[in-house]
Amino acid sequence: MEDRYRAKAIEDKWQRIWEENRTFQVTENPGKPKYYVLEMFPYPSGRIHMGHVRVYAIGDVIARFRRMKGYNVLHPMGWDAFGLPAENAAIERGIHPAKWTTENIVYMRDQLKKMGISYDWDREIATCDPEYYRWEQLVFIRMLERGLAYRKRSTVNWCPSCQTVLANEQVEGGRCWRCESEVSKRDIDGWFFKITAYADELLDGCDRLTGWPERVIAMQKNWIGRSEGAEFDLPVVGYPDLKIRVFTTRPDTGFGMTYAVLAPEHPLVDQLVTEPSEQAEVERFRAEVLKQSEQERVAEDRPKHGLRLSARVINPFSGREIPLFIADYVLMIYGTGAIMAVPGEDQRDWDFAKTHELDIIETVNRPAEWSGEAFTGDGIKINSGFLNGLTVAGAKRRAIDWLVERGLGEARVNYRLRDWGISRQRYWGAPIPVIYCNACGMVPEREENLPVVLPHDVQISGKGGSPLTTHAAFVSAACPRCGGPARRETDTMDTFVESSWYFLRYCSPRFEGGIVERDAAVYWMPVDQYIGGIEHAVLHLLYARFYTKVLRDLGLVKVDEPFNALLSQGMVVKDGAKMSKSKGNVVSDDVIRDKYGADTGRLFELFAGPPEKDLEWSDQGVEGAYRFLTRLWRFTFQHREALIAARSDFSPNDLPGDLRNLYRLIHRTIKKVTEDIESRFHFNTAIAAIMELLNALSASVQDESKREIGTPVIKAGLETIITMLYPFVPHIASELWESLDHRGGLDAVTWPQYSEAALEEEQLLIVVQVNGKVRGKITVSADVDQTRIESEALQDQKVRSFLDGKKVQKVIHVPRRLVNIVVEG
RNA sequence: GCCCGGAUGGUGGAAUUGGUAGACACACGGGACUUAAAAUCCCGAGGACCCGGAAGGGUCCGUGCCGGUUCGAGUCCGGCUCCGGGCACCA
């Protein structure tokens with residue numbers, strides 16, 4: 001053993017050993033409990049930096065800890081390898097996306113190995129591999145057969161910079177999630193996955209995801225946006241064949257409907273407006289709305305614009321004729337694209353009614369002190385005919401019954417969630433396995449022809465459109481049905497499709513008979529602990545849940561939910577901003593490794609705070625982590641020979657008091673560290689406890705007089721420290737373990753166990769309070785009874801000076817902790 | 001506007017069920033070692049005030065703000081302030 005801690009040599013050595021021994025390769029083993037831990041796989045964008053390392057360090061602690069606990073641990077890694085940056089690199093630097101991606105993978109794989117993350121590299125996958133995406137194409141065809149994948153023309157989000165369509169989930173505040181360009185609207189044909197068919201199941205499932213952070217659940221529920229209400233028809237005056245269908249969550253307010261509104265692009269508008277001058281007015285209004293929606297979309301308090309139509313409708317509740325508008329505050333994409341307006345109980349309708357001088361009828365009795373505008377609270381119904389006297393909830397039910405009885409409408413649930421648009425007009429993605437035949441129309445590719453391989457020989461210019469559209473050999477195809485000339489689909493799939501099932505592929509990554517080998521999936525799924533950034537709270541995590549349910553319904557897997565527990569780790573922040581290449585504040589992993597070693601980098605990130613919080617990078621914090629490892633190294637080096645020579649067994653009862661305290665501390669630390677890792681992921685406090693134990697060992701060895709009898713306790717303490725540090729800093733822990741004459745590394749060593757007997761205290765420190773303020777502390781033997789403790793507390797010198805002859809009203813005794821003496825005054 | 005979080009020393013953070021607030025670490029100050037520095041080791045430390053020659057001892061205040069429950073509140077309840085995040089004419 002060297003006297004100095006040389007991280008690099010140690011890390012190289014153990015990484016080589018792990019590789020040669022295939023230490024982390026696993027197979028299904030029904031004899032052992034399984035544990036599947038997974039970090040969200042990265043996009044191979046170039047280099048990993050210390051901002052990225054955090055999530056892998058967290059995953060590695062969990063993986064290594066679970067192995068020591070006797071689990072058969074699946075901890076795989078792969079690459080989310082399709083995506084735009086590869087194409088951008090091709091445009092900017094003339095490198096083929098495949099080459100760029102592969103080179104990045106090679107580099108990043110090496111970085112992860114150098115950080116000592118314990119992956120089963122035999123299971124590595126890259127989503128751009130045809131042997132990967134072929135299964136996605138097969139699932140696509142199955143989804144097509146069941147109507148879960150469909151093609152339609154629709155108004156979509158278009159990113160002018162990425163030159164492609166974006167899903168709703170990929171637009172953030174009107175901007176592209178990736179490049180932050182302003183997103184515009186476009187009418188385009190494209191492919192959709194029918195995620196709305198699973199809206200209820202995805203929502204209900206949220207409540208069963210008890211291992212997920214609440215805020216992620218809240219975001220998903222929010223995104224799905226279920227609202228219950230009713231849909232019913234408004235007859236149009238003078239048009240006996242026309243009815244306007246409206247959706248409302250407040251059917252109880254029907255009597256307060258004083259006008260109705262259609263979305264400007266509502267198809268009925270053209271039938272209602274026949275007179276040329278009104279038609280012209282409508283056209284002018286629509287153009288205005290279109291223009292304004294571009295600019296004013298983000299405005300705080302958007303004024304509501306509307307145009308009154310000559311047509312009028314009937315309020316079926318009151319039987320009254322009411323005016324009809326088209327207005328920009330009603331959206332075609334939600335509900336029926338038409339609303340009943342109730343200004344008394346809806347603030348938007350109230351605002352609109354005020355500007356257009358429309359009637360306002362209150363249908364809920366206001367509280368006495370109420371002074372607002374529209375009232376949305378609960379109360380007793382008024383001005384509402386047969387609903388009068390009911391509460392809001394009761395009136396809702398009654399109103400729906402009434403609509404149903406008269407055949408006017410029915411109860412109805414609406415969702416904010418919309419189908420997932422998966423078409424991307426880009427090259428570097430998985431081809432959609434569909435062919436357009438002049439005779440047969442749209443036909444899926446034959447299964448035996450899968451995969452539809454993305455052609456390699458393309459020219460990527462970046463000047464609009466996918467290079468696939470001009471790739472003759474790819475586009476021209478024979479119709480799978482009639483054999484006639486046909487054209488291949490040139491859209492590729494959203495890369496979120498690949499990441500919706502990669503966790504399944506890891507179960508049997510080379511399986512050639514399907515997406516996943518059934519037995520492997522049954523054994524490994526679901527993922528026991530998933531770890532990733534909060535930015536995927538709705539995107540990836542919602543898609544993956546949906547896709548898993550689809551695969552279940554296709555009979556391919558048995559689980560309902562892919563991720564049993566989720567840990568959303570915080571960002572790594574430096575100089576007030578998220579550590580990222582574009583912000584120019586990255587700390588390079590090899591600088592940290594060269595100067596301190598991978599273990600130090602890992603330890604710092606795990607110690608600086610709990611994983612779910614943001615972590616502020618601190619060079620001094622890194623120094624501190626390094627100092628701790630150096631101290632541990634030196635301590636081991638100094639006492640090594642004595643410790644190797646020392647006995648491993650000793651009788652705790654024969655130890656003098658202070659060594660028995662140390663022995664107790666060892667067991668207390670095991671308990672704390674185990675619980676902190678296992679149930680809370682509070683690695684920072686686990687590490688702090690280990691540091692305290694080392695501090696105690698250091699203090700103890702100063703006492704020369706106890707050398708003889710103390711060494712076995714020190715040995716037990718140090719070996720416990722080294723073993724428990726292994727998940728955090730595996731290289732130095734392995735090396736120190738070996739230096740203490742242990743063969744075979746730490747990888748197969750079991751996690752230390754604490755003994756309940758060893759935790760028992762002989763002396764208790766009891767806090768004595770007077771009227772809730774700490775006034776003294778007494779030490780008593782643990783077997784002393786309560787009355788004795790209380791009388792000792794009352795007799796304590798300091799305590800007595802506060803009692804000062806006052807009358808003791810009562811004494812509160814919390815066993816083993818404190819005595820609170822309550823006196824008057 | 002609605003829905004989630006969060007606020008604790010100079011700093012990152014502890015305090016898991018209401019029971020000694022500030023563990024552990026960073027930074028800082030003092031000391032030892034050294035010709036000197038670095039490294040290392042030891043000691044100190046929430047704030048204000050008081051007693052004492054000193055070592056030391058004591059009192060009060062203190063977990064964003066106001067109030068409540070309780071013998072006792074960082075922790076529970078009500079009302080705010082500020083910060084972060086999500087959604088947002090979704091009927």
Side-chain angles (χ1 to χ4, degrees), chain A residues 172-173 213-223 225-227 229 246-250 253 261 263 293 296-305 327-331 333-342 345-349 351-352 376 414-418 534-535 537-538 604 607-610 612-625 627-628 630-631 634 672 675-676 679-680 682 684-692 694-695 698 702 765-777 798 801 809-814 816-823:
Chain A
E172 297 170 345
E214 269 182 56
R215 59 176 173 155
V216 175
I217 294 292
M219 280 190 231
Q220 293 222 346
K221 283 183 175 175
N222 201 335
W223 189 263
R226 180 189 156 103
S227 48
V246 295
F247 172 72
T248 180
T249 55
R250 293 292 303 274
T253 61
V261 189
S293 70
E296 291 183 34
R297 188 171 30 210
V298 275
E300 266 300 295
D301 204 4
R302 263 173 286 177
K304 295 166 179 52
H305 304 284
D328 57 356
Y329 79 99
V330 173
L331 310 174
I333 47 172
Y334 187 77
T336 59
I339 62 157
M340 65 172 211
V342 185
E345 278 89 33
D346 185 291
Q347 188 60 41
R348 293 157 300 179
D349 296 342
D351 293 340
F352 190 82
T376 54
N414 249 306
Y415 300 92
R416 215 185 69 95
L417 180 72
R418 291 197 259 292
I534 188 73
E535 65 272 19
V538 273
F604 162 70
F607 177 63
E612 66 275 9
K613 278 189 76 166
D614 284 354
L615 181 149
E616 176 77 33
W617 183 265
S618 155
D619 290 333
Q620 282 152 347
V622 178
E623 288 277 355
R627 224 161 15 225
F628 170 71
T630 314
R631 204 160 73 233
R634 215 167 25 234
K672 172 154 182 67
E675 287 170 358
D676 279 353
S679 50
R680 304 202 306 160
H682 279 202
N684 54 332
T685 51
I687 294 165
I690 294 171
M691 287 174 169
E692 280 183 82
L694 182 65
N695 291 346
S698 299
Q702 311 269 319
L765 180 72
I766 307 285
V767 170
V768 185
Q769 297 182 332
V770 177
N771 286 348
K773 288 188 175 165
V774 179
R775 297 305 186 187
K777 288 160 196 179
K798 282 182 214 152
S801 67
Q809 289 179 321
K810 67 174 151 172
V811 176
I812 311 245
H813 192 154
V814 182
R816 308 176 71 83
R817 303 210 74 148
L818 113 174
V819 173
N820 186 13
I821 301 159
V822 184
V823 296

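Model, not experiment: these values are computed from the prediction. In what follows, every chain begins at residue 1, and chains take the letters A, B, ... in the order their sequences are listed. Excluded from the calculations below are hydrogen atoms, water molecules and symmetry mates; all remaining heavy atoms, backbone and side chain alike, are included.
Whole-Å rounding puts the A/Ile534 CD1 to B/G6 P distance at 13 Å. Between A/Glu675 atom CD and B/U16 atom P there is a gap of 12 Å when expressed in whole angstrom units. If you take CD of A/Gln809 and P of B/G72, they are 11 Å apart, rounded to a whole angstrom. In this entry the distance linking CD1 of A/Ile333 with C1' of B/A91 reads 13 Å, nearest Å. Rounded to whole angstrom, the span from the CG atom of A/Asn771 across to the P atom of B/C71 amounts to 11 Å. In this structure, A/Arg418 places its CZ atom 13 Å from C1' of B/C87, rounding to the nearest Å. Across the protein-nucleic acid pair, A/Arg775 atom CZ and B/C60 atom C1' stand 10 Å apart, rounded to whole Å. One atom, OH of A/Tyr334, and another, C1' of B/A91, lie 7 Å apart when rounded to the nearest Å.
The main-chain N or O of A/Ile812 is never found under 3.5 Å from a side-chain atom of A/Asn820 such that the two would form a donor-acceptor pair. Listed for the A/Asp346 side chain is no donor-acceptor partner under 3.5 Å among the backbone atoms of A/Ala341.
Judged by closest nucleotide on RNA chain B, A/Ala608 is the one of A/Ala608 and A/Asp349 placed further toward the 5' end. The residue among A/Val538 and A/Tyr415 whose nearest nucleotide of RNA chain B is located toward the 5' end is A/Val538.
At least one side-chain heavy atom of A/Arg631 sits under 4.5 Å from a side-chain heavy atom of A/Asn695. Looking only at side-chain heavy atoms (C-beta outward), A/Phe607 and A/Ile690 stay at 4.5 Å or farther from each other. When side chains are defined from C-beta on, A/Val822 counts as touching A/Asn771, because their heavy atoms get closer than 4.5 Å.
The P atoms of B/G84 and B/G10 are separated by 22 Å, rounded to the nearest whole Å. For B/G53 and B/C66, the C1' atoms lie 47 Å apart once the distance is rounded to whole Å. Distance check on atom C1': B/A25 versus B/U34 gives 28 Å, rounded to whole Å. Comparing the same atom, P, in B/G19 and in B/G31 gives a spacing of 41 Å after rounding to whole Å. Comparing the same atom, P, in B/C4 and in B/G79 gives a spacing of 13 Å after rounding to whole Å. Comparing B/G18 with B/U63, their C1' atoms are spaced 15 Å from each other, to the whole Å. The same atom, C1', is picked in B/A37 and in B/G46; the two are 34 Å apart, to the nearest Å. For the C1' atoms, the distance linking B/G30 with B/G52 amounts to 22 Å, nearest Å.
Counting non-hydrogen atoms of neighbouring residues, nucleotides and ligands closer than 6.0 angstrom, the CD atom of A/Glu535 exceeds 12 such neighbours. In the displayed structure, A/Arg816 atom CZ is contacted under 6.0 Å by at most 12 heavy atoms of other residues, nucleotides or ligands.
Taken to the nearest 0.5 Å, the CZ atom of A/Phe247 stands 4.0 Å off from the CG atom of A/Asn414. In this structure, CD on A/Gln220 lies 10.0 Å from CG on A/Leu417, to the nearest 0.5 angstrom. Note that NE2 of A/His682 is 9.5 Å distant from NZ of A/Lys672, once rounded to the nearest 0.5 Å. Distance check, rounded to the nearest 0.5 Å: CG of A/Asp349 to CZ of A/Arg250 gives 11.0 Å. A distance of 12.5 Å separates CD1 of A/Ile217 from CZ of A/Arg215, quoted to the nearest 0.5 Å. For the atom pair CD1 of A/Ile766 and CZ of A/Arg817, the computed distance is 9.5 Å after rounding to the nearest 0.5 Å.
Within 4.0 Å of A/Val330, counting heavy atoms only, lies at least one base atom of the nucleic acid. If you check every strand for non-hydrogen atoms under 4.0 Å, A/Lys798 touches sugar and phosphate atoms only. Using a 4.0 Å heavy-atom criterion, one finds that A/Gln347 contacts no nucleic acid atom at all. Across all strands shown, A/Thr630 has no heavy atoms under 4.0 Å from either base or sugar-phosphate atoms.
Annotated as anti: B/G56, whose glycosidic dihedral deviates from 0 by more than 90°.
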**Request:** Determine which bases of RNA chain B form Watson-Crick or G-U wobble pairs with both distances under 3.5 Å, and write the result as a 5' to 3' dot-bracket string with | for other-strand partners.
**Result:** (((((((..(((......[....))).(((((.......))))).((((((....))))))..(((((..]....))))))))))))....
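Phosphate contact (OP1/OP2 of B/C61, side-chain N/O of A/Lys773, threshold under 4.0 Å): present. Phosphate contact (OP1/OP2 of B/C41, side-chain N/O of A/Arg634, threshold under 4.0 Å): present. One finds no side-chain N or O of A/Lys221 lying less than 4.0 angstrom from the OP1 or OP2 phosphate oxygen of B/C3. Close to B/G19, at under 4.0 Å from its OP1 or OP2, lies no side-chain N or O of A/Arg816. Taking side-chain N and O atoms only, A/Thr336 has no distance below 4.0 Å to OP1 or OP2 of B/A91.
Tested against A/His813, the residues A/Leu818, A/Ile821, A/Val819 include a single side-chain contact (heavy atoms from CB on, under 4.5 Å) partner, A/Val819.
For A/Asn222 against B/C87, no side-chain N or O and base N or O form a donor-acceptor pair under 3.5 Å. The base of B/C71 has none of its N or O atoms less than 3.5 Å from a complementary donor or acceptor on the side chain of A/Lys810.
The nucleotide whose nearest atom lies closest to any side-chain atom of A/Lys304 is, among B/C89, B/G5, B/G72, B/C89. Among the nucleotides B/A91, B/G13, B/C87, the one closest to any side-chain atom of A/Asp346 is B/A91. Here the nucleotide nearest the side chain of A/Trp223, chosen from B/C71, B/C87, B/A91, is B/C87.
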**Item:** side-chain contact (heavy atoms from CB on, under 4.5 Å) between A/Phe628 and A/Leu694, intermediate numbers included
**Value:** CA-CA 9 Å; A/Phe628 170 71; A/Leu694 182 65; 3.7 Å; yes
**Prompt:** Reading nucleotides 20-29 of chain B 5' to 3', which nucleotides get B (base under 4.0 Å from a protein heavy atom), which S (sugar-phosphate only), which -?
**Reply:** B--BBSSS--
What N/O pairs connect the protein and nucleotides 42-48 of chain B at under 3.5 Å? Give each pair on its own line.
none

